[in-house]
Amino acid sequence: MSILVTGGAGFIGSHTALLLLEAGYEVVVVDNFSNSKPEVISRMESLAGQKIPLYEVDLRDEIGLSTVFENHQIEAVIHFAGLKAVGESVSNPLYYYENNIGGTITLCQVMEKYNVHKMVFSSSATVYGKPDQVPVAENVPLRSTNPYGRTKLMIEEILRDVYISNPDWSIALLRYFNPLGAHESGKIGEDPNGIPNNLMPYITQVAIGKRDELLVYGGDYETPDGTGIRDYIHVTDLAMGHLKALQRVKNVTGVEAYNLGTGTGYSVLDVVREFEKVTGVKIPYQIVERRPGDIAECYANPNKAERELGWKADKTLADMCRDAWKWQKVNPEGYSESLQKKFDSSIKN
Ligand code: NAD
Ligand code: WQD
């Protein structure tokens, strides 16, 4: 029996697929490489010491997806595949609704056809919008402030309806907070296209000299140092949360949402200072206007995941900074193939 990982070539999917392999699961990856590169699969294979069945298939392609279920006995699906850039979702909402919602609907139809009813879904803390209070627990009213976030909200609702229609389904909705870091080997990590939207990839690109300075979006929030506060979580802790959720969906039916966060909030300047301390590299920054749509603070109450999944994040912000920096240093151009030789020699040294 295999676990199908959709979006398994992406940032979180690659780390999770690797952990599944290390835990002895058979893994099949489906990805259309719209936001990732095939190179990641070779690196995962070299880390895992085994071949990974890979299908370059778009989730909306029902026939292509059915082939995967024909060729493998799929026991459960961990569903990462989706587009995730908030700004792009505002300028191109239909692309987001079509890809994220359309892809999920086709996936559920194919799963239903092949009698597979266990799913772990990548939701997001974005479903809390601007929370009324922090730490935020799963049972507060949900809202979202952009089309990307609404795709997550709508998919959560769709998955609840799917369960109501057939109580054989077992679905975990994992609401991630802010994933950072990389695999400790330095071989896999986050590889954003163009100018990074997110804080840590921006910091590491400043550190390596690709960008001059960090723009800190807003210094006048009602937080202790005036900069925004988030719950940063190491991507390998997040990956472990999926293994725990998988064990749960294998044993109980129903739909449950879980926050995957640490429960601790750090400000932008906390992250900058920690990065400087861990790496010894100075990060020049300038405080500028707030970024539209940003909120002052958001961090998780992660108690439900600890209680019901037996999962708790244990890596520190220092670990996240160290691993993100190692990944950036070893792979200055991410997975770009032109730098493959440089990567190979730096791994040897
Ligand atoms: P990512 O872009 O690195 O990975 C997503 C993968 O899905 C990519 O490899 C992409 O090529 C693939 N994909 C997209 N649409 C597809 C389609 N129609 N068919 C097949 N493959 C498709 O993103 P990530 O950071 O690894 O995020 C994974 C999931 O977690 C996403 O659903 C994202 O919305 C969610 N999430 C991410 C964050 C974050 O900050 N990274 C936070 C909360 C939730
Ligand atoms: C973190 C903090 C910024 C960049 C986004 C999505 C969310 C989820 C995770 C998918 C904020 C500040 C950032 C920069 C900065 N993704 N910042 N300068 O906005 O909390 O969440 O990613 O589900 O949906 O919205 O993460 O890393 O962009 O920002 O000052 O160059 O860093 O203002 O306070 P965010 P982020």
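Order of appearance sets the numbers: ligands from 1, and atoms from 1 within every ligand.
Under the 3.5 Å distance criterion, with hydrogens and angles disregarded, no donor-acceptor pair is assigned to the side chains of Lys130 and Thr145. In this model, a donor atom of one side chain and an acceptor atom of the other lie less than 3.5 Å apart for Asn193 and Asn35. In the model, Ser170 has no side-chain atom that pairs as donor or acceptor with a side-chain atom of His117 under 3.5 Å. Side-chain N/O atoms of Arg150 and Asn100 include no donor and acceptor closer than 3.5 Å. With 3.5 Å as the limit, one finds a donor-acceptor pair spanning the side chains of Tyr128 and Arg175. Using modelled atom types and a 3.5 Å distance limit, the side chains of Glu112 and Asn166 yield a donor-acceptor pair. Side-chain N/O atoms of Asp31 and Tyr55 include no donor and acceptor closer than 3.5 Å. A donor and an acceptor atom, one from each side chain of His72 and Ser2, are nowhere located under 3.5 Å apart.
Considering Asn178, Ile195, Leu269 only, the shortest heavy-atom separation from atom 21 (O) of ligand 2 involves Asn178. Here atom 29 (O) of ligand 2 lies nearest to Arg291 when heavy atoms of Arg291, Arg230, Gln205, Lys152 are compared. The option from Tyr128, Tyr266, Tyr285, Tyr217 that lies nearest to atom 15 (C) of ligand 2, judged by heavy atoms, is Tyr217.
Only side-chain heavy atoms of Lys152 come within less than 4.0 Å of ligand 1; its backbone N, CA, C and O stay farther off. With a heavy-atom cut-off of 4.0 Å, Tyr232 touches ligand 2 through its side chain alone. At a 4.0 Å heavy-atom cut-off, ligand 2 does not touch Val271 at all. Contacts of Tyr148 with ligand 2, taken as heavy-atom pairs under 4.0 Å, involve the side chain alone. Heavy atoms from both the backbone and the side chain of Asn198 come within less than 4.0 Å of ligand 2. When non-hydrogen atoms are compared, ligand 1 lies under 4.0 Å from the side chain of Tyr148 (C-beta onward) but not from its backbone. Counting heavy atoms under 4.0 Å from ligand 2, residue Asn197 touches it through the backbone alone.
Below 4.0 Å from some heavy atom of Val57 lie the following atoms of ligand 1, by number and element: 19 (N), 20 (C). Residue Phe33 has at least one heavy-atom neighbour below 4.0 Å for each of these atoms of ligand 1: 11 (O). When each atom of ligand 1 is checked for a heavy atom of Ser122 under 4.0 Å away, the hits are 29 (C), 30 (O), 32 (O), 35 (C). In summary, the atoms of ligand 1 found under 4.0 Å from a heavy atom of Ser34, numbered by their order in the structure, are 10 (C), 11 (O), 13 (N), 14 (C), 15 (N).
Salt bridge Glu156/Lys152: absent, no basic N to carboxylate O contact under 4.0 Å. A salt bridge links Lys210 with Glu333: the distance from a Lys NZ or Arg NE/NH1/NH2 to an Asp or Glu carboxylate oxygen falls below 4.0 Å.
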Can you check salt bridge (Lys or Arg N to Asp or Glu O under 4.0 Å) on Lys250 and Glu75, steps first, answer last? CA-CA 9 Å; Lys250 281 164 78 168; Glu75 180 185 12; 3.6 Å; yes
Taking it one step at a time, do Asp220 and Arg290 satisfy salt bridge (Lys or Arg N to Asp or Glu O under 4.0 Å)? CA-CA 8 Å; Asp220 58 352; Arg290 294 180 181 192; 2.9 Å; yes
Carefully, step by step, assess Asp294 and Arg291 under the rule salt bridge (Lys or Arg N to Asp or Glu O under 4.0 Å). CA-CA 6 Å; Asp294 271 358; Arg291 184 171 63 177; 3.1 Å; yes
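Nearest protein heavy-atom neighbour of atom 5 (C) of ligand 1: Gly82 O, 3.8 Å. Looking at atom 25 (O) of ligand 1, its nearest protein heavy atom turns out to be Lys84 NZ, 2.8 Å. Looking from atom 13 (N) of ligand 1 to the surrounding protein, the closest heavy atom is Asn32 OD1, 3.4 Å. Among all protein heavy atoms, the one lying closest to atom 40 (O) of ligand 1 is Pro179 CD, 3.3 Å. Protein heavy atom closest to atom 11 (O) of ligand 1, with residue, atom name and distance, is Asp31 OD1, 2.7 Å. Counting only heavy atoms of the protein, atom 3 (C) of ligand 2 lies nearest to Asp294 OD2, 3.4 Å. Among protein heavy atoms, the minimum distance from atom 18 (N) of ligand 1 is reached at Asn99 OD1, 2.8 Å. Counting protein heavy atoms only, atom 3 (O) of ligand 1 is closest to Phe11 N, 2.8 Å. In this structure, the protein non-hydrogen atom closest to atom 31 (C) of ligand 1 is Phe80 O, 3.1 Å.
For ligand 1, the polar-atom distance check against Asn198 finds no nitrogen or oxygen pair separated by under 3.5 Å. The shortest N or O to N or O distance between Leu215 and ligand 2 is under 3.5 Å. Looking at Leu199 next to ligand 2, an N or O pair under 3.5 Å apart turns up. Below 3.5 Å of separation, one finds no N or O of Ser123 facing any N or O of ligand 1. Considering both main-chain and side-chain atoms, Ser36 comes within under 3.5 Å of ligand 1 through a nitrogen or oxygen pair. Considering backbone and side-chain N/O atoms, Ala9 never comes within less than 3.5 Å of an N/O atom of ligand 1. Residue-to-ligand polar distances keep Gly7 apart from ligand 1: every N/O pair is separated by 3.5 Å or more.
Ring to ring, Tyr335 and Trp327 are close: their centroids are under 6.0 angstrom apart.
Distances from ligand 1 to the non-hydrogen atoms of Gly103 include no value under 4.0 Å. Every heavy atom of Val30 sits 4.0 Å or more from the atoms of ligand 1. The closest approach between Thr126 and ligand 1 stays at or above 4.0 Å for every heavy atom of the residue.
Atom OG1 of Thr151 and atom OH of Tyr96 lie 8.5 Å apart (nearest 0.5 Å).
Hydrophobic clustering places Met320 together with Val268 (ILVMFWY residues linked when any side-chain heavy atoms are closer than 4.5 Å, directly or through intermediates).
The closest side-chain heavy-atom distance from Leu107 to Arg60 is not below 4.5 Å.
With Tyr258 as the aromatic partner, Lys304 meets the cation-pi criteria of under 6.0 angstrom to the ring centre and within 45 degrees of the ring axis. Figure legend: cation-pi geometry between Arg230 and Tyr266 absent, as NZ or CZ is not positioned both under 6.0 Å from the six-membered ring centre and within 45° of its axis.
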